[in-house]
Amino acid sequence: MMVRFEGRSLASVLIILIVCVIGGSSSVGHTQEIYDEVEEENADEESDPNDEFKNSPMTSSTSVAGETSVLPCNISSDIRGDSVQLVLWYRDNVPTPIYSYDVRSGDYAPPTKWSDPVLLGDRAYFSMTSKPAALVLNQTTRDDQAVYRCRVDYKQFTTTHARVNLTVIEPIRNVKIVDQSGLELVGAAGPYTLGERPTLTCRVQGGDPPPTVTWWRDGLLLDSTYHHQTPPSVRTSTSAPGGTVVNTIHLRALKKEDLRSLYTCKAANHEKAPTKEVAVEIDMNFGPDTVEVHGLEGPLSSGRAQQLVCEAKGSRPPAIITWWLDGHMKKSVAHMTSLDGVVSSSTLELTVSPTDEGKELTCRAENPELPAATIEDSHKLEILYPPEVSVAAGSSLDLNKIKEGDDVYFDCHVKARPDAHTITWSFNGNPLEQSIASGVMTVGRSLVLQKVSRKQAGSYTCSAANTQGSNSSAPIELSVKYSPVCRVEQTDVYGVGRHEKTTVTCRVESDPPVTSYRWAFNNTGEFVDIPSSHFDVKGDGM
């Protein structure tokens with residue numbers, strides 16, 4: 001077997017000779033002991049452990065704390081059929097190996113692996129299958145950042161050296177958004193009111209290198225200015241990356257279209273480290289834009305239940321709707337809110353009477369969070385109702401003094417909406433037709449009776465009708481005064497014998513009733529009054 005010693009120190013030659021003697025039966029522990037002894041013997045000769053690596057190539061490797069680091073090491077040989085015998089890894093100025101991969105036991109024996117229990121523990125393994133081969137460190141910590149040295153011994157080829165500068169990126173620990181009072185915002189900011197100018201501050205802690213902090217609105221970059229509120233600590237082997245980076249934005253006066261705008265703070269410190277971000281959605285409260293009553297496009301019919309709907313739009317949270325009639329609250333029968341919360345509606349079942357004519361019906365929409373944003377929709381009620389009818393004698397008449405031959409007229413007073421289209425009169429319950437020849441005439445809403453007679457005394461009623469119905473007045477009584485007259489059934493001729501006693505009856509009609517009677521005996525020869533003691537006066541039915 002050929003052994004080459006070019007470019008090697010005496011210590012290296014001694015190590016190779018010892019390895020050759022020990023062969024495949026040498027253990028990792030023995031290897032470490034040999035290296036320790038050789039290094040001690042040559043401490044004066046080789047004061048700098050990096051001397052043998054000072055001309056070796058340097059590569060860079062970057063990883064993120066908590067993830068896996070890969071330290072490449074080229075183990076290829078320029079001699080065909082050559083193979084690796086031993087791979088040793090060093091760190092910084094540590095003169096002894098921190099990891100060894102020993103395959104000198106032969107092709108059929110598993111390689112012997114050893115890790116420094118303090119620096120690496122069981123986190124490291126050497127991968128021969130990767131291109132290039134590499135020392136893999138799991139769960140990388142910030143303390144793993146260093147310059148690593150890889151030494152490869154072959155069966156035939158000269159020992160090779162390589163260096164890897166491992167940079168460990170410390171990821172950002174925490175990102176949070178706070179409002180102007182310092183309160184942390186989670187998911188939502190607000191609720192704010194229209195015109196308010198909120199301030200949002202993004203606070204980022206940790207990260208090495210220090211992070212950049214940017215604000216985004218709805219996916220578009222909004223602001224990239226930031227400052228270090230607390231400077232990061234000077235990096236040492238034991239210090240943790242610190243410092244706080246802050247980016248504050250002052251929003252414009254809010255409008256309704258700003259509702260649900262998404263403001264995102266992004267913090268990044270390296271392309272390999274995950275970008276951390278947190279977002280808040282703008283929440284707002286504002287009063288209703290409009291309120292409108294439906295169902296009052298025309299007059300309402302008296303006595304009929306009618307449903308009216310009040311609709312309020314644009315309030316957040318949804319508007320509370322109440323009904324008022326002439327200042328008195330009316331109870332609604334239903335409330336509804338749209339799925340998006342933009343539209344609120346309330347239904348009122350209202351039954352009106354003629355007395356509600358001209359009253360004001362109001363629908364009020366208010367935001368419980370913004371009492372000053374209350375708006376109303378008010379309407380003067382117009383009521384449709386059937387005629388209300390009454391009859392009165394003409395203003396110049398005294399119904400207690402009407403006598404035959406006088407002229408009488410009655411006025412029909414009608415209150416109706418719409419106006420009555422028909423006015424009719426009745427006498428003693430029977431329709432009264434106009435008869436100019438008989439002196440019975442209707443003029444507008446008045447009934448005129450010319451030269452009344454006793455036959456026209458009785459009850460008179462006025463009736464009126466419109467589209468809502470018809471009604472009749474209470475009857476008004478007409479009395480016609482007239483002088484006494486004998487009744488039709490009065491007996492005019494009595495037959496009696498001489499000296500025979502008989503009773504003669506005088507039946508009369510009059511208004512007012514007869515108060516006195518006078519009897520007389522009249523023949524062709526004389527006219528003799530009969531004394532009142534000779535007759536009796538009795539009322540009807542006597």
* Asked: Heavy-atom distance under 4.5 Å between the side chains of Thr59 and Pro72, does that happen here?
  -> yes
* Residue pair Leu348 / Lys331, side-chain heavy-atom distance below 4.5 Å -> no
* Quick one: do Asp356 and Lys359 make a salt bridge, cutoff under 4.0 Å? -> yes
* Does any pair with a residue in residues 316-330 pass salt bridge (Lys or Arg N to Asp or Glu O under 4.0 Å), and if so which ones, sequence neighbours excluded? -> Asp283-Arg316
* For residues Arg203 and Cys265, determine if any side-chain heavy atom of one lies less than 4.5 Å from a side-chain heavy atom of the other. => no
* Asked: So which pairs with a foot in residues 321-359 pass disulfide (SG to SG under 2.5 Å), sequence neighbours left out?
  -> none
* To do: Please report the closest heavy-atom contact between Gly287 and Ala373, naming both atoms and the distance.
  => CA-CB, 3.6 Å
* To do: Give a yes or no answer on whether the side chain of Ser61 reaches the backbone of Leu71 with a donor-acceptor pair at less than 3.5 Å.
  => no
* **Passing option when Thr248 is tested against Thr225, Thr201, Thr199 for side-chain hydrogen bond (donor to acceptor under 3.5 Å, both in side chains)** => Thr201
* Main-chain N/O of Asp102 paired with Ser100 side-chain donor or acceptor, under 3.5 Å -> no
* To the nearest 0.5 Å, what is the distance between CG (Leu361) and CG (Leu296)? -> 6.0 Å
* To do: Mind checking the CZ-CG spacing from Arg80 to Asp82? Nearest 0.5 Å is all I need.
  => 12.5 Å
* **Within-4.5 Å side-chain heavy-atom neighbours: Thr264 and Leu262** => yes
* So, Asn285 and Asn367: side-chain donor and acceptor under 3.5 Å apart, yes or no? -> no
* Between the side chains of Asp179 and Ser181, is a donor N or O closer than 3.5 angstrom to an acceptor N or O? -> yes
* To do: Would you check if Ile169 and Lys272 make a side-chain contact, meaning some heavy-atom pair closer than 4.5 Å?
  => no
* Might you confirm whether atom CE of Met329 has over 12 heavy atoms from other residues, nucleotides or ligands at distances under 6.0 Å? => yes
* Structure fact -> Here the pair of heavy atoms bringing Leu300 nearest to Gly295 is CD2-O, 4.1 Å
* To do: Using the six-membered ring wherever Trp is involved, compare the ring planes of Trp215 and Tyr263 and label them parallel, tilted or perpendicular (cut-offs 30° and 60°).
  => perpendicular
* Asked: Is Cys310 close to Val291 at the side-chain level, that is, under 4.5 Å between some pair of heavy atoms?
  -> yes
* Return yes if some donor-acceptor pair links the side-chain N/O of Arg417 with the main-chain N/O of Ile383 below 3.5 Å, else return no. => yes
* To do: State whether the side chain of Asn247 and the backbone N or O of Cys202 hold a donor-acceptor pair below 3.5 Å, judged by distance alone.
  => no
* Asked: Can you tell me how far CZ of Arg163 sits from CG of Leu166, rounded to the nearest 0.5 angstrom?
  -> 15.0 Å
* Least distance between heavy atoms, Gly206 atom then Arg173 atom -> CA-NH1, 3.5 Å
* Asked: Quick one: does Ser63's side chain have a donor or acceptor within less than 3.5 Å of a partner on Val168's backbone?
  -> no
* To do: Walk me through it: do Arg123 and Asp144 pass the test salt bridge (charged side-chain N to carboxylate O under 4.0 Å, His left out)?
  => CA-CA 11 Å; Arg123 295 184 298 122; Asp144 290 326; 2.9 Å; yes
* Asked: Have Thr374 and Arg364 got a donor and an acceptor in their side chains that come within less than 3.5 Å?
  -> no
* With a 4.5 Å limit on heavy-atom distance, are the side chains of Leu185 and Leu200 in contact? -> yes
* Asked: Does atom NZ of Lys256 have more than 12 heavy-atom neighbours from other groups under 6.0 Å away?
  -> yes
* Determine whether more than 12 heavy atoms belonging to other residues, nucleotides or ligands lie under 6.0 Å from atom CG of Asp218. => yes
* Asked: From Ile375 CD1 over to Asp289 CG, what is the distance, rounded to the nearest 0.5 angstrom?
  -> 7.5 Å
* To do: Please determine, by modelled atom types, if His379 and Asp377 share a side-chain donor-acceptor pair under 3.5 angstrom.
  => yes
* Check: Ile98 and Trp114 side chains under 4.5 Å, non-hydrogen atoms -> no
* Determine yes or no for a side-chain-to-main-chain donor-acceptor pair under 3.5 angstrom, with Asn471 supplying the side chain and Pro386 the backbone. => no
* After noting the C-alpha distance and the side-chain angles of Gln306 and Glu349, does the key distance pass the side-chain contact (heavy atoms from CB on, under 4.5 Å) rule? -> CA-CA 6 Å; Gln306 298 172 79; Glu349 191 170 272; over 6 Å; no
* To do: For the pair Tyr154 and Ser83, evaluate side-chain contact (heavy atoms from CB on, under 4.5 Å) and give the outcome as yes or no after the intermediate values.
  => CA-CA 6 Å; Tyr154 305 87; Ser83 62; over 6 Å; no
* Measuring from His335:NE2 to Ser346:OG, what's the distance to the nearest 0.5 Å? -> 4.0 Å
* If we ignore angles and hydrogens, is there a donor and acceptor under 3.5 Å between the side chains of Thr362 and Trp323? -> no
* **Exam field: side chain Lys276 to backbone Ala267, donor-acceptor pair closer than 3.5 Å** => no
* Check the surroundings of atom CD in Glu277: do more than 12 heavy atoms from other residues, nucleotides or ligands lie under 6.0 Å from it? => yes
* Asked: How far apart are the C-alpha atoms of Glu170 and His270, what are their side-chain angles, what is the distance that settles it, and do they pass the side-chain contact (heavy atoms from CB on, under 4.5 Å) test?
  -> CA-CA 9 Å; Glu170 188 71 30; His270 195 275; over 6 Å; no
* To do: Go through Asn165 and Ser60 one step at a time and tell me if the side-chain hydrogen bond (donor to acceptor under 3.5 Å, both in side chains) criterion holds.
  => CA-CA 5 Å; Asn165 185 9; Ser60 297; 4.8 Å; no
* Mark yes or no for whether Ser115, through its side chain, and Leu120, through its backbone, hold a donor-acceptor pair below 3.5 Å. => no
* To do: Would you give the length of the straight line joining atom CG of Asn74 to atom OG1 of Thr160, rounded to the nearest 0.5 angstrom?
  => 7.0 Å
* Asked: Do Ser338 side-chain atoms and Val343 backbone N/O form a donor-acceptor pair below 3.5 Å?
  -> yes
* Checking Arg151 side chain against Leu88 main chain: does a donor-acceptor pair fall under 3.5 Å? -> no
* Start with the C-alpha gap between Leu137 and Thr68, add the side-chain angles, then the distance that decides, and say whether side-chain contact (heavy atoms from CB on, under 4.5 Å) holds. => CA-CA 6 Å; Leu137 301 181; Thr68 298; over 6 Å; no
* Taking the six-membered ring for Trp, are Tyr148 and Trp89 parallel (under 30°), tilted (30 to 60°) or perpendicular (over 60°)? -> perpendicular
* NZ/NE/NH1/NH2 to OD/OE distance under 4.0 Å, Asp258 and Arg252 -> yes
